[in-house]
Q: 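Sharing a structure below in structure tokens format, with a few things to ask.
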Amino acid sequence: MMTETLAADADFSDRDAAARAILTGNDRGGYTVPTAGLYPYQWNWDSAFASLGFAQFDLERAWREIETLFSGQWESGQVPHILFHKPDPGYFPGPDVWGCTGPIPSSGITQPPVALSFATRLLAADPALGAARFAALYPKMRKWAEWFLRWRRDEKGAIFVVHPWESGRDNAPDWDNAMDAIDPQGVGYYERRDTQHVDASMRPTKYDYDRYIWLVQRGKALEWDDARLAQDNPFRVADPTMHFILLRALRDLYAAGEAQGLDTAGMAEQLAELEAGAQALWNPGMGFYDSYNCANGIWSNALTNASFLCWFAGLDAPEMAQHLSRVLDAAPYGVPSLAPFDPRFDARRYWRGPTWGMMNMMIGEGASERGVALGEEVRKRTREVIARYGFVEYFDPMTGAAAGGKAFTWTAAVWLAWAGKEG
Ligand code: DGY
């Protein structure tokens, strides 16, 4: 447990101003970069959090963020994980490596559709301002949700990812089994740029990167065609991040669609199917939500921060509360991306240990909504760690030490929208 706490009446107004300055500093005109240098483009779920952050002080700008994201939507309905609006040599792999042909140069994979949920929050914040903008986005949002159901759902009803970057939890242990099956022969020479911005000990290994790039080359060779990818991609892992965030997105979209008198045909059935599909992610041996390799059914046996998104998805999962209690006892500074008692835990290496503000927000909010008292504890710890160590990408969950990129958009947004607010 933490030994010191910030005074209950601590004045956070300077941090609010700093958080707003990060958002406006990372604004590139209609879209926001996660952080300058390391991530110089528009990333899908980062952008959704940016929108929520802007919504705390500039709702017009918040809508624009999501509209810009949807300007890159593919004909299929997919919304890419990166939109390369302007060339930037500081990032690899850039648009030429992906070789995509959507309306805006982009990557060929997607990311968790948290933007759908957050669009409904912008609407709720000012229905008069938002109704027309929401209605214009609504068919596009439904199309993206339906694309997931068609192209990213396995026979057990779980949503899977075709690349670790699609989940957003790049080097989580969830992918280890499927990554081991890839022989990245022929990937060729490439130069990483991420380790020129951030210490290599906080980033994925070369072993991981060879396979990330190999998978991109494979997708490009298949022309990012969904049907061919479904046949020929060796990486398919059922993922609680994607499943739970999509479930929440569909739930929010359905409720807002009904309230706005928009077409909700089929949504109740889609929701029921996704709710039933969540059962496929329950690892009975470990007694928690987990990921599995669709190729062989092998579980990751990993208690990750994605396991705790069950409440955000609107599920009642009383068994998960004791797991949350165990990881919070083991890690004082927020929900770790991997339980510290797992031998694969690595406190500073990206998604193999660090705590992330935006995951904490979805876990904490979801838990509180479902009546799990620890949700508020997650918020308080997230507030402490950000207040003490800054608006960085992620934190060592054992010491709170800052890690990854600095002046980070989603950490600032999470401060403004959730962590920095009094409960
Ligand atoms: C990266 O480049 O590290 C990203 O996570 C890919 O989305």
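For the single chain, residues carry numbers from 1 onward in sequence order. All ligand and atom numbering here is 1-based and tracks the order in the structure. As the structure is a computational prediction, the values presented were derived from the model and not from experiment.
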Q: Report the part of R169 (side chain from C-beta onward, or backbone N, CA, C, O) that has a heavy atom under 4.0 Å from ligand 1; answer both or neither where that applies.
A: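 Within the 4.0 Å criterion, R169 makes no contact with ligand 1.
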Q: So is Y39 in contact with ligand 1, going by heavy-atom distances below 4.0 Å?
A: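 Contact check Y39 vs ligand 1: positive.
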Q: Between Y350, Y91, W351, Y209, flag the one that comes closest to atom 2 (O) of ligand 1 by a heavy atom.
A: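 Heavy atom nearest to atom 2 (O) of ligand 1 belongs to Y91.
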Q: With a 6.0 Å cut-off on ring centres, are F244 and Y289 close enough?
A: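 Yes, they do, as the ring centres are separated by less than 6.0 Å.
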Q: Test your reading of the structure: does Q111 have an N or O sitting under 3.5 Å from an N or O of ligand 1?
A: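 No, since none of the N or O atoms of Q111 sits under 3.5 Å from an N or O of ligand 1.
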Q: Mind telling me whether Y91 and Y39 have parallel, tilted or perpendicular rings, with 30° and 60° as the class edges?
A: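 If you compare the ring of Y39 with that of Y91, the planes turn out tilted.
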Q: Pick from N301, D154, D174, D239: which one makes a side chain to side chain donor-acceptor pair (under 3.5 Å) with Y292?
A: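 Going through N301, D154, D174, D239 one by one, the side chain to side chain donor-acceptor pair (under 3.5 Å) with Y292 is satisfied by D154 alone.
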Q: With heavy atoms of R203 as the reference, note each atom of ligand 1 found under 4.0 Å away.
A: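 Listed by number with element, the hits are 1 (C), 3 (O).
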Q: Provide the number and element of each atom of ligand 1 under 4.0 Å from a heavy atom of H81.
A: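 Once the distances to H81 are compared, the set is 6 (C), 7 (O).
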Q: Do we see a donor-acceptor contact under 3.5 Å between the side chains of T304 and S337?
A: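 Checked: T304/S337 side chains show no N/O donor-acceptor pair below 3.5 Å.
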Q: Does D170, backbone or side chain, put an N or O under 3.5 Å from an N or O of ligand 1?
A: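 Indeed, backbone or side chain, D170 has an N or O that close.
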Q: Between W415 and D16, is there a side-chain donor-acceptor contact under 3.5 Å, judged purely by atom types and distance?
A: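 The answer is yes; a qualifying pair exists.
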Q: Parallel under 30°, tilted from 30 to 60°, perpendicular over 60°: which one fits the rings of Y212 and W165?
A: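 It falls in the tilted class, 30° to 60°.
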